[in-house]
Amino acid sequence: MRYIGNYPRKAKYCMAYSATIVSLVIFLSCSDESRQIRYAMRLAGDNKSELKAVLRHYSTEDKDPEKLKAAKYLIANMPAHYSYADTAMVNKYYVTALPILKSGKSAGWQRDTLRQISERDFPDLRRNIVSDVRVMTADYLIYSIDHAFEQWRTRPWAKHLTYGEFRDWLLPYKVAELQAFDAWRDTLSACFSDSLSHTPAGDDRCRTIYGALDIVRNEMVSKLNPYIAWTTASGHPLLSAETMSHTTYGSCADYVTLGTAVFRSLGLPVAIDAVPLWGRNHEGHTWYSLLSDNGIQMPSQNDITVPAGWGFYPYQRFPKIFRSTFAINRDVLRYRRNAGYVYPFDICKEDITDSYYRTSDISIPLKDGAHPKDKYAYIATLTNNGGPQWFVLDFGRIRQGKAHFRRMGRELLYIALGYDGRSLHPISEPFILKRDGCVEYVPFDDSVKRSIDVRRKYYESYNVVDQRRKILGAVIQCADNPDFANAVTLHLIDTTAIPDRIPLDCSKPHRYWRYLAADGTYGSIAELAFFDESGERLVGTPAACTSASQDAIARAYDNDWLSNFETDNPDGNWIGMDMGRNVSVASVRIIPRSDDNDVCPGNEYELLYFDGDKWKSCGYRKADDNMLHYDNIPRQCLLWLRNHTRGWAERPFLIDGNGDIIWW
């Protein structure tokens, strides 16, 4: 069984940098700052003179004790951060990229062009990575420290910050690994401070962190018109000041990195937070969080297109939330030093889950027969990676027959894994950490078999439920005239659990047939189809209410369950078919607007169950209806429905004592 987790994705570590981390673990796990600085100097090799020059500068020329303290902090933690070793090559890449970003062509064209250039002309760029201590210059570090202190001490919205807040939220000389050592603070603050500098002095917004930040954020959105590229890979990251200031496309993480750099360049305290994996999804997410004037941390929810503090995912579940830090996480270093199996947890991340949500410290009994070869355990949750996979979130300790984990998000499904000398394997039963902090285990029990019916492969979000309910109150009608005067009502939809084909009983054929939506629903449906007695689909000329556009009408018949018929008017909407002649309709298919994760007739499915150690298959089956029926399923177990025809959204589920499906 293969386990996946939060491996570094932006760059493959070169052998030299990997060796740096190993030696860092050995040296720094229990060291004070002076020893950490000595280690950084030794690791810097021929470049240690640059680091010494910084300390000498703040000891003799600029005798500012806080700046000297800041320099020591940065140097002590610098070995954990990395940059391109070949600065000439990466600068050549940025020079190549800049005219493409300024071309005015579509964001998609720019993304694809830079990907091709990256693969063709700069294939080895990411393979040559070194610790920052080997490439840092004294001039750059002094510039960065002086600029950060100037913003902290002069900006009206920053002067109240404590030194500790300044150190964590403003001081670092970079906001992302591989970021160029250039004048990003000057460049970005000059690019995006017009609105702030022209705001009247009496405007109170300029005296608050939130107000000043939102002025800058709005200017960034106006100038950049961000294009969020969700999935398709781009080229090497654009992390020079010039390319960042012309960011025309990117992921949420790219725009969060840019926003953080811009905000910090202006003395606005911002940090980057992320969830490695949503509680019930197969992806992670990144956002920025600001430290407000009253000391409250205000997350943005998304990238720079969204203001901070406007509510933060009230319906989502978070197993873990981590903050990117400049400081080295000593707990992770100790883990790397002592673990028999070393998982690549990021040593510059801080677990801040409990600052967002209620969490629990939990102790999970090891299952019978579990004898891990290490004192560390790993907590994981399920994701879809070509099927169900356990995704490692964090580590804990094994003591007295239990695995102990801290700050775990609630109302989620987990499992504890341990190292058996070769790989990670389950050492506990799957369990649910409930909303009240209680733990509910999911033991495997196949002593009794049961039958189950499955209609979906993914949980219904609040939005899906709301959209599906729009079919309630709708009716199916037929008539002998196009305006449906004296229409015959054949069926009233009073449940969202409708069959794939709703049977109709009409005494005589009719030419005109329609779906008449209930008022207030905007007519929303995804698909509509009529069938005769033999099951053949009846085809005529699509027709609809006058408020419906031709595009909207076409979407009701395009066989795409993610495109929808809908109008701009809430009431009086209908969509139907002029058959051209009188016909008898035996059944009608109505697909409500949703996320297209219902069981789809004609698609091939596979039901899997977890036996406590591995996932096992109940076999493949092509769906004949919008519901799958299975016999001889273990009475108690985790289940997973795969669609091998299309789609990717799948989640585990349980069947409770009443036969109802509970999604996780």
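Along the sequence shown, residues carry numbers from 1.
- Checking side-chain atoms of Ser193 against main-chain N and O of Ser197 turns up no donor-acceptor pair under 3.5 Å.
- A distance-only check finds no donor-acceptor pair linking the side chain of Gln179 to the backbone of Lys174 [under 3.5 Å].
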Inset, instruction - Start with the C-alpha gap between Arg334 and Asp331, add the side-chain angles, then the distance that decides, and say whether salt bridge (charged side-chain N to carboxylate O under 4.0 Å, His left out) holds. - result: CA-CA 5 Å; Arg334 280 190 291 271; Asp331 291 336; 2.4 Å; yes
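- Proximity of the aromatic rings of Tyr414 and Phe405 is defined here by a centroid distance below 6.0 angstrom, and this criterion is not met.
- Judged by distance alone, with hydrogens and angles left aside, the side-chain atoms of Asn47 form a donor-acceptor pair with the main-chain N or O of Val133 at under 3.5 Å.
- Summarising the geometry of Asp303 relative to Val256, their closest heavy-atom pair is CA-CG2, 3.9 Å, with the distance given to 0.1 Å.
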Inset, instruction - With side-chain contact (heavy atoms from CB on, under 4.5 Å) as the test, would you mind laying out the steps for Tyr341 and Tyr378 before giving the verdict? - result: CA-CA 11 Å; Tyr341 168 88; Tyr378 304 84; 3.5 Å; yes
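- Judged purely by distance below 3.5 Å, without hydrogens or angles, the side chains of Asp351 and Thr353 pair a donor atom with an acceptor atom.
- Considering Tyr73, Tyr143, Phe326, Trp184 as possible partners of Tyr173, the one that fulfils the ring pair (Phe, Tyr, Trp, His ring centres under 6.0 Å) test is Phe326.
- Taking the centre and axis of the six-membered ring of Tyr84, the NZ or CZ atom of Arg126 falls outside the cone set by 45° and 6.0 Å.
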Inset, instruction - Begin with the C-alpha distance, continue with both residues' side-chain angles, and end with the deciding distance and a verdict on salt bridge (charged side-chain N to carboxylate O under 4.0 Å, His left out) for Arg323 and Glu350. - result: CA-CA 5 Å; Arg323 173 163 294 160; Glu350 177 188 2; 5.5 Å; no
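- Inspection of the Ser324 and Lys349 side chains reveals an N or O donor paired with an N or O acceptor under 3.5 Å.
- The closest donor-acceptor contact from the side chain of His236 to the backbone of Leu125 lies at 3.5 Å or more, if one exists at all.
- Between Tyr315 and Tyr462, the ring-plane angle classifies as parallel under the 30° and 60° cut-offs.
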Inset, instruction - Could you walk me through whether Asp254 and Thr257 pass the side chain to side chain donor-acceptor pair (under 3.5 Å) test, one step at a time? - result: CA-CA 5 Å; Asp254 294 328; Thr257 297; 5.7 Å; no
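- Using a 3.5 Å distance cut-off with no hydrogens or angles, the side chains of Thr137 and Asp139 do not pair a donor with an acceptor.
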Inset, instruction - Please step through salt bridge (charged side-chain N to carboxylate O under 4.0 Å, His left out) for the pair Asp436 and Lys434, ending with a clear verdict. - result: CA-CA 5 Å; Asp436 60 2; Lys434 306 291 286 186; over 6 Å; no
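- To the nearest 0.5 Å, atoms CD1 (Ile415) and CG (Leu393) are separated by 12.5 Å.
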Inset, instruction - Assess whether side-chain contact (heavy atoms from CB on, under 4.5 Å) is satisfied between Trp152 and Glu66, documenting all intermediate values. - result: CA-CA 12 Å; Trp152 175 35; Glu66 284 189 317; 3.8 Å; yes
Inset, instruction - Take Arg35 and Asp32 through the test side-chain contact (heavy atoms from CB on, under 4.5 Å) and record every step on the way to the result. - result: CA-CA 6 Å; Arg35 292 184 63 192; Asp32 58 22; 3.3 Å; yes
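- Atoms CE and CD1, on Met220 and Ile304 in that order, are 4.0 Å from each other to the nearest 0.5 Å.
- Remark: aromatic rings of Tyr313 and Trp278 are close, center separation under 6.0 Å.
- Taking the six-membered ring for Trp, Phe318 and Tyr356 have ring centres at least 6.0 Å apart.
- In summary, of the residues considered (Asp194, Leu188, Leu196), a side-chain contact (heavy atoms from CB on, under 4.5 Å) with Val216 occurs for Leu196 alone.
- The main-chain N or O of Trp169 is found under 3.5 Å from a side-chain atom of Arg264 such that the two form a donor-acceptor pair.
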Inset, instruction - Show the numbers, then the answer: is there a ring pair (Phe, Tyr, Trp, His ring centres under 6.0 Å) between Tyr376 and Tyr343? - result: CA-CA 11 Å; Tyr376 288 99; Tyr343 194 86; over 10 Å; no
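- In this structure a side-chain-to-backbone donor-acceptor pair under 3.5 Å is missing from Ser144 to Leu141.
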